[in-house]
2 protein chains.
Amino acid sequence: MTSSPEFSELLRSSELRVTQPRIAVLAAVHDHPHASTDALIDAVRRALPEVSHQAVYDSLHTLTTARLIRKIQPAGSTARYESRIGDNHHHVVCRGCGAVADVDCAVGHAPCLSASNSHGFTIDEAEVIYWGTCPACSAQSG
Amino acid sequence: MTSSPEFSELLRSSELRVTQPRIAVLAAVHDHPHASTDALIDAVRRALPEVSHQAVYDSLHTLTTARLIRKIQPAGSTARYESRIGDNHHHVVCRGCGAVADVDCAVGHAPCLSASNSHGFTIDEAEVIYWGTCPACSAQSG
DNA sequence: CTCTTTTCTTGAACGAGTCAAGAAAAGGCT
DNA sequence: AGCCTTTTCTTGACTCGTTCAAGAAAAGAG
């Protein structure tokens with residue numbers, strides 16, 4: 001587990017004020033990859049019982065904008081966050097339970113990015129979501 | 001524009017009851033690719049002024065399940081629908097205004113479907129969303 | 001330590017979507 | 001055609017994730 005001083009440093013290097021809620025949110029996202037906002041609020045309150053949900057929402061937004069964490073929103077799920085950033089990894093989402101796992105892209109380069117400039121759009125990111133069934137749900141139904 | 005009898009036939013061949021709302025919803029999705037539910041409700045009411053929003057929601061759900069239309073939900077947008085189905089095309093979404101356009105995948109085969117470490121997930125679909133800026137928004141900010 | 005700015009608390013509000021009960025209409029059957 | 005069963009639609013309330021807004025608290029510069 002990354003320590004609190006490291007999170008402080010991370011915030012400072014992004015020119016963000018260092019606050020208890022932000023440190024706790026960073027730690028929570030770090031410790032619970034792909035967790036929902038709700039789950040993160042719970043996790044944060046284990047460290048700071050009195051934080052408001054709004055503080056967590058604000059922190060998540062600020063940290064996402066600063067690119068210290070990343071927000072993902074697969075269809076049908078509420079917002080989820082992860083601290084693994086900067087690499088071009090993607091996600092598998094279970095149709096049954098909504099579980100999310102990381103996937104390194106099988107092709108070495110960003111997939112299909114050569115599709116750029118279609119319809120005059122300037123493309124800056126290709127997001128890939130794999131849909132399927134997780135081991136637990138597979139076992140249950142088959 | 002595809003005609004009403006054709007939509008009826010489409011419904012019948014999926015063993016769905018043929019109702020006015022369903023025909024109107026099929027027509028609306030056909031005529032307004034990537035439209036939001038709200039926009040579709042408006043479009044449907046041009047043909048059937050009295051339909052309830054619930055009937056449209058129900059129809060969209062039924063038609064999606066029957067795979068006569070497809071639902072897409074880019075992060076930050078409400079649900080959108082399209083009638084182009086069965087081919088493996090993807091979407092570009094404008095970060096500015098949320099506009100959506102179709103993109104044929106640049107690589108010939110389903111991208112990255114040979115995803116390496118899939119954590120035991122059984123993958124059945126790879127969804128790709130390209131993020132960028134549409135021509136209108138590019139012009140506005142540049 | 002003071003002051004300014006940002007962030008947090010509190011609590012209300014919003015909006016897409018869902019739920020539930022009864023009314024209407026599809027379509028099979030006679 | 002007319003009847004009957006099942007599905008679908010209308011109506012209206014409601015949920016839940018998220019956002020808004022006003023004032024209180026805390027960061028950090030000087």
Side-chain angles (χ1 to χ4, degrees), chain A residues 4-5 7-26 28 34-45 47-66 68-69 71-81 98 100, chain B residues 4-5 7-26 28-29 34-45 47-66 68-69 71-81 98:
Chain A
S4 169
F7 291 132
S8 303
E9 189 44 44
L10 212 51
L11 288 167
R12 231 170 312 222
S13 62
S14 295
E15 301 186 327
L16 295 176
R17 287 196 178 178
V18 178
T19 69
Q20 297 288 344
R22 285 178 181 171
I23 291 172
V25 168
L26 269 176
H34 312 133
S36 65
T37 308
D38 236 43
L40 289 171
I41 290 175
D42 285 354
V44 167
R45 285 191 175 146
L48 291 174
E50 304 296 317
V51 258
S52 62
H53 67 138
Q54 194 59 247
V56 176
Y57 274 101
D58 285 353
S59 298
L60 288 169
H61 184 251
T62 304
L63 296 172
T64 302
T65 302
L68 296 180
I69 61 176
K71 181 181 189 175
I72 58 176
Q73 284 176 276
S77 285
T78 57
R80 289 159 178 275
Y81 295 86
V100 178
Chain B
S4 168
F7 290 133
S8 302
E9 188 45 44
L10 213 51
L11 288 167
R12 233 173 313 239
S13 63
S14 295
E15 300 186 327
L16 297 176
R17 287 197 179 178
V18 178
T19 70
Q20 298 288 344
R22 284 177 183 172
I23 291 171
V25 167
L26 269 176
V29 173
H34 311 132
S36 65
T37 307
D38 237 42
L40 289 172
I41 290 175
D42 286 354
V44 166
R45 284 190 175 147
L48 291 174
E50 304 296 317
V51 258
S52 62
H53 67 136
Q54 193 59 248
V56 177
Y57 273 102
D58 284 354
S59 298
L60 288 170
H61 184 250
T62 304
L63 296 172
T64 302
T65 302
L68 296 181
I69 61 176
K71 181 182 189 176
I72 58 176
Q73 283 176 276
S77 285
T78 56
R80 289 158 179 275
Y81 295 85

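Sequence lines set the chain letters: A, B, ... in the order given, protein chains first and strands last, and positions in each chain run from 1.
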Name every residue in residues 14-26 of chain B that has at least one heavy atom under 4.0 Å from any atom of DNA chain D, in order of residue number, or write none if there are no such residues. B/Arg17, B/Thr19, B/Pro21, B/Arg22
Using 0.5 Å steps for rounding, measure from the CG atom of B/Leu60 to the CD1 atom of B/Ile69. 5.0 Å
Phosphate-side-chain proximity, A/Thr62 and C/dT7, N/O vs OP1/OP2 below 4.0 Å: no
How long is the line joining CG of A/Leu48 and C1' of C/dT9, in whole Å? 14 Å
Just to verify, what does B/His53 make a side-chain contact (heavy atoms from CB on, under 4.5 Å) with, not counting sequence neighbours? B/Ile41, B/Arg45, B/Tyr57
Compare every heavy atom of A/Leu16 with every heavy atom of A/Arg22, then report the nearest pair and how far apart it is. NH1-CB, 3.8 Å
What pairs with B/Ser77 under side-chain contact (heavy atoms from CB on, under 4.5 Å), at least two apart in sequence or on another chain? B/Pro74, B/Arg80
Exercise: identify the closest heavy-atom pair between A/Ser59 and A/Val25: CB-CG2, 3.8 Å
Can you pull out how bent the helix from C/dC1-D/dG30 to C/dT30-D/dA1 is, comparing the axes over its first five and last five pairs, to 10°? 30°
Write out a two-atom table: protein N or O, nucleotide N or O from nucleotides 28-30 of chain C, distance below 3.5 Å.
none

Look up atom OG in B/Ser8 and atom CD in B/Gln20, then write down how far apart they are to the nearest 0.5 Å. 8.5 Å
B/Tyr57 OH to C/dG17 C1': how many Å, rounded? 5 Å
Check the distance between C/dT10's C1' and A/Glu50's CD and give it to me in whole angstrom. 13 Å
Within residues 71-80 of chain A, find the residues that approach DNA chain C with a heavy atom at under 4.0 Å, and present them sorted by residue number. none
Whole angstroms only, please: what is the NE2-P distance between B/His53 and C/dA20? 15 Å
Rounded to the nearest 0.5 Å, what separates atom CD in A/Gln73 from atom OH in A/Tyr81? 7.0 Å
Distance, rounded to the nearest Å, where B/Gln54 contributes CD and C/dG17 contributes C1': 8 Å
Under 4.0 Å, counting only non-hydrogen atoms across every strand here, what does A/Ser36 touch: a base, just sugar-phosphate, or nothing? nothing
